[in-house]
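The analysis underlying the following values was restricted to heavy atoms, covering all of them including side chains, and did not include hydrogens, waters or symmetry mates.
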Amino acid sequence: MLKGQIKEKSIPFAFVDYDQPNPANLKKWGEYIDVRGEKKLIRELIQQGRHNILVEGDKGVGKTLLVEDICREDNIALFEFSCGAGMNKGDLIGRPQIDNDGSYFEMGIIPKMFELANHWKEIVVYGDELNVLSHDEQLWFNRPLDKRRSIYVNGKLFKLDDGVKFTFIATINPITYAGVNTLTESLRSRFIGRVLPYPNNSELEKIIDWTGVHDEIKKCMLTLCQQIHSLRVKGEVEYVFSPRDIDQFCDIYRTQVGEAPNKWKLEDVIDNVILIKFSDPSEREQVRIRVNETFGVNI
């Protein structure tokens with residue numbers, strides 16, 4: 001060793017749970033209705049096993065369900081993680097830890113995804129809301145997501161073995177969402193993908209289970225959703241009423257208005273399912289006015 005050089009010492013890695021991405025663990029919690037062909041497209045890209053795919057869309061449009069549906073149906077290992085504003089280098093790369101048995105290195109998300117990929121031979125890595133990460137933290141994904149497909153951590157090079165199928169899928173919310181960063185140009189350049197626009201009324205009719213909801217109520221709900229989305233686009237409200245929220249409305253309407261012995265009024269459902277979503281008083285008032293006009297109620 002030359003004078004002045006420092007020999008890097010590595011410490012033992014912590015146990016890796018190789019069963020974590022087992023597709024047998026994926027339970028069916030919904031069914032993604034493919035109204036624009038996006039499921040077919042993403043399935044074909046996953047089958048090729050070499051792409052980074054970016055899926056952009058409002059919350060609740062089914063981004064997670066889309067990916068989980070494909071992996072469950074095609075029996076493909078799925079390693080999922082959610083990004084948070086407080087996520088840092090230690091979460092992504094790893095960090096030394098100490099317990100009663102001594103020191104060990106807790107593997108971060110990035111080296112772990114390569115370790116799991118080499119074990120399963122075919123994997124989808126799913127990073128939810130990637131653009132919540134700061135720009136500095138996003139940079140850690142540049143090398144793993146280009147043709148080098150590797151990262152050096154704790155004295156070890158983690159990389160894909162030959163022949164391993166590896167698909168990285170990231171979801172992002174629109175940049176108009178509060179607390180959301182852009183993706184850096186260098187990171188975005190590593191992706192191909194699809195923008196999932198807010199569903200129109202004919203699409204919402206297909207993807208929502210409207211069983212037990214009266215036709216007139218369904219028409220009012222569809223109209224209100226488009227009105228709220230228009231307010232969101234103009235920046236007048238922060239919350240967009242998503243397919244997930246509509247599904248909640250239908251479920252509560254069926255059980256509380258249509259079938260439950262202790263019946264609610266329609267106004268109760270609207271108040272508890274729709275207006276509760278808007279925390280800002282001025283935004284709630286805007287939505288309340290449109291609810292009254294659209295449903296013909298007085299809340």
Side-chain angles (χ1 to χ4, degrees), residues 10 12-27 32 38-55 63-83 87 89-95 104-130 133 137-172 183-184 186-194:
S10 63
F13 285 94
F15 169 78
V16 175
D17 182 4
Y18 290 102
D19 196 53
Q20 181 181 353
N22 191 333
N25 297 332
L26 292 172
K27 305 301 180 184
Y32 188 86
E38 61 274 5
K39 185 175 180 180
K40 180 177 182 294
L41 168 69
I42 292 176
R43 170 175 270 130
E44 290 173 351
L45 293 174
I46 289 174
Q47 288 171 348
Q48 294 171 23
R50 63 177 185 274
H51 299 291
N52 306 316
I53 305 169
L54 188 64
V55 182
K63 301 186 292 291
T64 301
L65 179 60
L66 167 64
V67 175
E68 288 199 3
D69 251 13
I70 294 172
C71 291
R72 178 177 49 80
E73 293 167 0
D74 295 356
N75 198 38
I76 298 172
L78 175 63
F79 175 47
E80 302 178 75
F81 65 94
S82 296
C83 299
M87 189 172 280
K89 176 184 175 182
D91 299 308
L92 300 177
I93 306 303
R95 55 171 65 88
Y104 65 93
F105 192 89
E106 182 181 19
M107 200 179 294
I109 289 168
I110 296 176
K112 184 183 291 185
M113 70 186 189
F114 289 129
E115 189 77 4
L116 294 172
N118 291 334
H119 175 82
W120 284 92
K121 307 305 179 187
E122 180 178 14
I123 199 169
V124 169
V125 176
Y126 176 72
D128 194 24
E129 298 190 19
L130 191 66
L133 296 178
E137 307 309 331
Q138 290 179 27
L139 294 176
W140 287 105
F141 284 95
N142 282 357
R143 174 172 174 157
L145 297 186
D146 63 23
K147 290 187 177 181
R148 290 171 289 182
R149 281 285 198 259
S150 61
I151 192 167
Y152 191 79
V153 174
N154 188 38
K156 178 180 177 180
L157 180 66
F158 290 84
K159 63 183 183 65
L160 287 184
D161 293 341
D162 292 341
V164 172
K165 286 188 172 183
F166 178 91
T167 304
F168 188 95
I169 300 179
T171 66
I172 61 174
L183 285 184
T184 63
S186 61
L187 183 55
R188 185 178 280 271
S189 70
R190 287 159 167 78
F191 285 95
I192 59 175
R194 174 66 68 93

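The aromatic rings of Phe81 and Phe141 lie parallel to each other, their planes meeting at an angle below 30°, with 60° marking the opposite boundary.
Judged purely by atom type and a 3.5 angstrom limit, Ser186 has no side-chain atom pairing as donor or acceptor with the backbone of Thr184. Not one N or O on the side chain of Trp120 forms a donor-acceptor pair closer than 3.5 Å with the backbone of Leu78. Of the possible polar contacts, none joining the Gln20 side chain to the Phe79 backbone as a donor-acceptor pair under 3.5 Å is found.
Between Phe158 and Phe114, the closest heavy-atom pair is O-CD1, 3.8 Å. Taking each heavy atom of Glu137 and Lys89 in turn, the nearest pair found is OE1-N, 3.3 Å. Closest approach of Ala77 and Pro23 over heavy atoms only: CA-CD, 3.8 Å. When every heavy atom of Arg190 is checked against every heavy atom of Asn142, the shortest pair comes out as NE-O, 2.7 Å. Shortest non-hydrogen contact noted between Arg72 and Lys27 is CD-C, 4.1 Å. Looking at every heavy atom in both residues, Ile53 comes nearest to Thr167 through CD1-CG2, 3.8 Å.
Between Ile110 and Arg143 the shortest side-chain heavy-atom distance does not fall below 4.5 Å. Inter-residue side-chain proximity for Leu45 and Arg194 is flagged as unmet; no heavy-atom pair is nearer than 4.5 Å. Side-chain contact between Ile70 and Val124: absent, with no pair of heavy atoms (C-beta onward) separated by less than 4.5 Å. Between Glu106 and Arg95 the shortest side-chain heavy-atom distance falls below 4.5 Å. Residues Leu160 and Asn118 are in side-chain contact: their nearest non-hydrogen atoms beyond the backbone lie under 4.5 Å apart. Contact annotation: the side chain of Leu92 approaches that of Met87 to within less than 4.5 Å [non-hydrogen atoms, C-beta and beyond]. Counting heavy atoms from C-beta outward, Thr171 and Val67 have side chains that stay 4.5 Å or more apart. Residues Thr64 and Glu80 have side chains in contact (heavy-atom distance under 4.5 Å, counting atoms from C-beta outward).
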For this session: Test side-chain hydrogen bond (donor to acceptor under 3.5 Å, both in side chains) on Asn22 and Asn25 and set out the steps.
Result: CA-CA 6 Å; Asn22 191 333; Asn25 297 332; 5.0 Å; no
Exercise. Stepwise, does the side-chain hydrogen bond (donor to acceptor under 3.5 Å, both in side chains) test hold for Tyr32 with Glu68?
Worked result: CA-CA 9 Å; Tyr32 188 86; Glu68 288 199 3; over 6 Å; no
For this session: Step by step, work out the side-chain contact (heavy atoms from CB on, under 4.5 Å) result for Leu54 and Arg188.
Result: CA-CA 8 Å; Leu54 188 64; Arg188 185 178 280 271; 3.7 Å; yes
